[in-house]
Amino acid sequence: QVQLVESGGGLVQAGDSLRLSCTASGSAFSLLNMGWFRQAPGKEREFVARIRWADSFTDYADAVKGRFTISRDNQKSTVYLQMNGLRPEDTAVYYCAADPRWRPTSGWGAYWGQGTQVTVPS
């Protein structure tokens, strides 16, 4: 079993930056693929970014490419999401997810955190 705890969300202005963190426990973090998803009010949860454990390959949703960066620190069992140039449409609850398999994003995520709120007022 894997436990995931997110932190770093908050209320920021458009154009600002935030860094989300997600710390894992309960399993070999270095063997887990890690990702971030988000869910805006009234919308379905959507993929944001993920990073593969084997080679640190990263994958991003088109909406965040060039603005968000996912990274991981295996020593700290933590994955980060650096978010720059935040926009009102980035407002959502951001969820950390872990998966031992690299599968399509639509079915991705064997383990989930509780989420952290990011709000960017328009």
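Counting begins at 1 with the first residue of the sequence. What you see is a predicted model, and the numbers here were worked out from it, not measured in a lab.
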Seminar exercise, completed: For P88 and A14 the tightest heavy-atom approach is CD-CB, 4.3 Å
Seminar exercise, completed: residues 24-66 vs disulfide (SG to SG under 2.5 Å), sequence neighbours excluded, gives none
For this session: Quick one: list whatever passes side-chain contact (heavy atoms from CB on, under 4.5 Å) with D55, sequence neighbours left out.
Result: R52, F57
Exercise. Linking Ile, Leu, Val, Met, Phe, Trp and Tyr by side-chain heavy atoms under 4.5 Å, what else ends up with L11?
Worked result: none
Exercise. Relative to W108, does R101 satisfy both conditions: NZ or CZ under 6.0 angstrom from the six-membered ring centre, and within 45 degrees of the ring's axis?
Worked result: no
Exercise. If you measure only the distance, is there a donor-acceptor pair under 3.5 Å linking the side chains of T91 and E89?
Worked result: no
Problem set entry | Set of residues satisfying salt bridge (Lys or Arg N to Asp or Glu O under 4.0 Å) with respect to R87, sequence neighbours excluded | none
Exercise. Under the 4.5 Å side-chain heavy-atom rule for ILVMFWY, direct or indirect, which residues accompany L31?
Worked result: W53
Problem set entry | Where at least one partner belongs to residues 16-103, residue pairs that pass disulfide (SG to SG under 2.5 Å), sequence neighbours excluded | C22-C96
Exercise. Is the count of non-hydrogen atoms from other residues, nucleotides or ligands lying under 6.0 Å from Q114 atom CD greater than 12?
Worked result: no
Problem set entry | W112: partners by side-chain contact (heavy atoms from CB on, under 4.5 Å), with sequence neighbours left out | F37, R45, Y95, A97
Exercise. When rounded to the nearest 0.5 angstrom, what is the spacing between CZ in R67 and CD in Q82?
Worked result: 12.0 Å
For this session: Determine yes or no for a side-chain-to-main-chain donor-acceptor pair under 3.5 angstrom, with N74 supplying the side chain and S77 the backbone.
Result: no
Exercise. Taking the side chain as C-beta and beyond, is there a heavy-atom pair between N33 and R50 under 4.5 Å?
Worked result: no
Problem set entry | Any pair counted as side chain to side chain donor-acceptor pair (under 3.5 Å), so long as it reaches residues 2-21, sequence neighbours left out | Q3-S25, S17-N84
Seminar exercise, completed: Tracing side-chain contacts under 4.5 Å among Ile, Leu, Val, Met, Phe, Trp and Tyr outward from V120 reaches V2, L4, V12, L18, L20, F29, L32, M34, W36, V48, I51, Y60, V64, F68, I70, V79, L81, M83, L86, Y94, Y111, V118
Problem set entry | Listed partners of A40 passing side-chain contact (heavy atoms from CB on, under 4.5 Å), at least two apart | K43, A92
For this session: Could you pull out all residues at least two apart from S30 that satisfy side chain to side chain donor-acceptor pair (under 3.5 Å)?
Result: none
For this session: Under the side-chain contact (heavy atoms from CB on, under 4.5 Å) rule, collect the residues that match up with E46, sequence neighbours excluded.
Result: R38
